[in-house]
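Remember, it's 1-based here, ligands and their atoms both numbered in the order they're listed.
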Amino acid sequence: MKLNQKIAIVTGASQGIGLACAQRLVREGARVMLVDQKPEVEQAAASLGDAARFFRADVGVKKEVDAMVQATLDAFGRIDILVNNAGVTHAADFLDLEEDDFDRVLRINLKSMFLCSQAAARDMVKRGEGGCIINMSSVNAELTIPNQVPYVVSKGGVNQLTRVASIALAHYGIRVNAIGPGTILTELAKQAVLGSPEARHTILSRTPLGRCGEPEEVASIAAFLASDDASYMTGQTLYADGGRMALNYTVPVRD
Ligand SMILES: NC(=O)C1=CN([C@@H]2O[C@H](COP(=O)(O)OP(=O)(O)OC[C@H]3O[C@@H](n4cnc5c(N)ncnc54)[C@H](O)[C@@H]3O)[C@@H](O)[C@H]2O)C=CC1
Ligand SMILES: C[C@H](O)[C@@H]1OC(=O)[C@H](O)[C@@H]1O
């Protein structure tokens, strides 16, 4: 139980990687505020028992982020860990992409992480006992998917936000790191890149471990980064992608 009595916020926690992170942090002894815009977040929190609460918010809206932080302080009295996980994608070719779609993805995937980090860090600084922020980036911070322009742009920004926030907050004992998953078996990936056998084959042909990842294999990294086992790590992005998805290298796909 490496996170005994720590208080965590996990955004995008109704399903997928976020829910897996909340489950693992609870297993490690933390108490967790699950945050999501979807009503399913209530059921997700209920599945975790007394160690969890829920708050519905659009984390790309400052007013709702401030309310999320206040609700966490009201419920648990402090914030030790923030997992910025909420994210969306939008598929469109560069020349067809609409401004509103670009803005929406950047607001949710990148601006939200700034808003949540600033709001949580202000409480951590006030309390003077340090803290930990974990941003959910992606291999797509470095590997481009041509028809997912705002997604790859947002994830590149997440890596830089992680670095700049880590420098700004180090003096206060607040560590800021990111996780860069490869293709993980969630609704997002199923809709974005796993929609056909051909698409799945393409991804697996560039994945040396020969399979997509499970949400729990990302959650274990979040639990590590949140714990004192990572006490000397800040400003880093840890990739969990089954082996770098190299552009020209392919591996035999084991069906
Ligand atoms: N699934 C994958 O292959 C990979 C996912 N990621 C990242 O992991 C994170 C989680 O992704 P998945 O679990 O796959 O997605 P998902 O689509 O299964 O779950 C995302 C959750 O975030 C919530 N959400 C979306 N916009 C929100 C907002 N404005 N406010 C609050 N909640 C919001 C959704 O309601 C949903 O419950 C995302 O940041 C994604 O970019 C990164 C690499 C790979
Ligand atoms: C939306 C992407 O295609 C999905 O999320 C990621 O970051 C991985 O590249 C997945 O394929």
Which of the listed options, Ala192, Gly182, Ala189, holds the heavy atom that is closest to atom 4 (C) of ligand 1? Gly182
Considering non-hydrogen atoms only, spot the tightest contact between Leu110 and Gly157 and give its length. CD1-C, 3.5 Å
Taking only heavy atoms of Pro181 into account, list the atoms of ligand 1 that are under 4.0 Å away from them. 42 (C), 43 (C), 44 (C)
Distance from atom 3 (O) of ligand 1 to nearest protein heavy atom, with residue and atom: Ile184 N, 2.8 Å
Suppose I only count heavy atoms of Tyr151 and a 4.0 Å limit; which atoms of ligand 2 are within that range? 1 (C), 5 (O), 6 (C), 7 (O)
Leu25 versus Val83, closest heavy-atom pair with distance: CD1-CG2, 4.1 Å
Close-contact set for ligand 2 against Ala192 heavy atoms, below 4.0 Å: 1 (C), 3 (O)
Please report the shortest heavy-atom distance between Thr89 and Arg104, naming the atom on each side. O-NH2, 4.2 Å
Atom 29 (N) of ligand 1 - nearest protein heavy atom and its distance: Asp58 OD1, 2.9 Å
Side chain, backbone, both or neither: the part of Ser137 lying under 4.0 Å from ligand 1 by heavy atom: backbone
Testing the basics here: between Asn109 and Gly87, what is the closest heavy-atom pair and its distance to 0.1 Å? OD1-CA, 3.2 Å
For ligand 1, which atoms sit closer than 4.0 Å to a heavy atom of Ser14? 37 (O)
Any atoms of ligand 1 less than 4.0 Å from a non-hydrogen atom of Ile17? List them with their elements. 5 (C), 8 (O), 13 (O)
Honestly, for Ile145 the part within reach of ligand 2 (heavy atoms, under 4.0 Å) is side chain
Any side-chain heavy-atom pair of Pro181 and Met136 under 4.5 Å: yes
Is it the side chain (CB and beyond), the backbone, both or neither of Leu188 that lies under 4.0 Å from ligand 2, heavy atoms counted? side chain
Atom 6 (N) of ligand 1 has as its nearest protein heavy atom Tyr151 OH, 3.6 Å
Atoms in ligand 2 flagged as close to Ser138, the criterion being non-hydrogen separation under 4.0 Å: 6 (C), 7 (O)
Ligand 1-proximal atoms of Val59, by part, heavy-atom distance under 4.0 Å: both
To which of Gln148, Gln191, His90, Met136 does the heavy atom nearest atom 2 (C) of ligand 2 belong? Gln148
What protein heavy atom is closest to atom 39 (O) of ligand 1, reported as residue, atom name and distance in Å? Asn85 O, 2.7 Å
Need the ligand 1 atom indices (1-based, order shown) with element for anything under 4.0 Å from a heavy-atom of Thr183. 3 (O)
Below 4.0 Å, non-hydrogen atoms only: which portion of Glu40 touches ligand 1? Side chain, backbone, both or neither. neither
Heavy atom under 4.0 Å from ligand 1: found in Lys38's side chain, backbone, both, or neither? side chain
Spell out, yes or no, whether Leu225 and Tyr232 are grouped together once hydrophobic residues are joined by side-chain heavy atoms under 4.5 Å, including indirect joins. no
Side chain or backbone of Val88 under 4.0 Å from ligand 1, or both, or neither, by non-hydrogen atoms? side chain
Subset of ligand 1 atoms that lie under 4.0 Å from at least one heavy atom of Ser138: 42 (C), 43 (C)
Ignoring hydrogens and geometry, is there a side-chain-to-backbone donor-acceptor pair from Arg53 to Asp50 under 3.5 Å? yes
Top protein contact for atom 1 (N) of ligand 1, by heavy-atom distance: Thr186 OG1, 2.9 Å
Check ligand 1 against Ala57 and write out every atom of the ligand that is under 4.0 Å from a heavy-atom position of the residue. 30 (N), 31 (C)
Can you see which heavy atom on Cys116 is nearest to which on Met68, and at what distance? SG-CE, 3.8 Å
For the pair Asp58 and Arg107, evaluate salt bridge (Lys or Arg N to Asp or Glu O under 4.0 Å) and give the outcome as yes or no after the intermediate values. CA-CA 10 Å; Asp58 175 345; Arg107 178 177 67 82; 3.0 Å; yes
Please could you name the atoms of ligand 1 that Gly16 approaches to less than 4.0 Å, counting only its heavy atoms? 13 (O)
Mark up the atoms of ligand 1 that fall under 4.0 Å of a heavy atom belonging to Ala86, in ascending order. 22 (O), 32 (N), 33 (C), 39 (O)
Counting non-hydrogen protein atoms only, what is the nearest one to atom 8 (O) of ligand 1? Give residue, atom name and distance. Met136 CG, 3.3 Å
Could you identify the single nearest non-hydrogen protein atom to atom 26 (N) of ligand 1 and state the distance to 0.1 Å? Gln37 NE2, 3.3 Å
Please lay out, stage by stage, how Gln70 and Asp66 fare under the test side chain to side chain donor-acceptor pair (under 3.5 Å). CA-CA 6 Å; Gln70 190 55 54; Asp66 291 343; over 6 Å; no
Side chain to side chain contact (heavy atoms under 4.5 Å, CB included) evaluation trace for Asn140 with Gln148: CA-CA 9 Å; Asn140 296 130; Gln148 300 203 18; 5.7 Å; no
Provide the number and element of each atom of ligand 2 under 4.0 Å from a heavy atom of Asn140. 2 (C), 6 (C), 7 (O), 8 (C), 9 (O)
OG of Ser47 to CG of Leu34: how many Å apart, nearest 0.5 Å? 7.5 Å
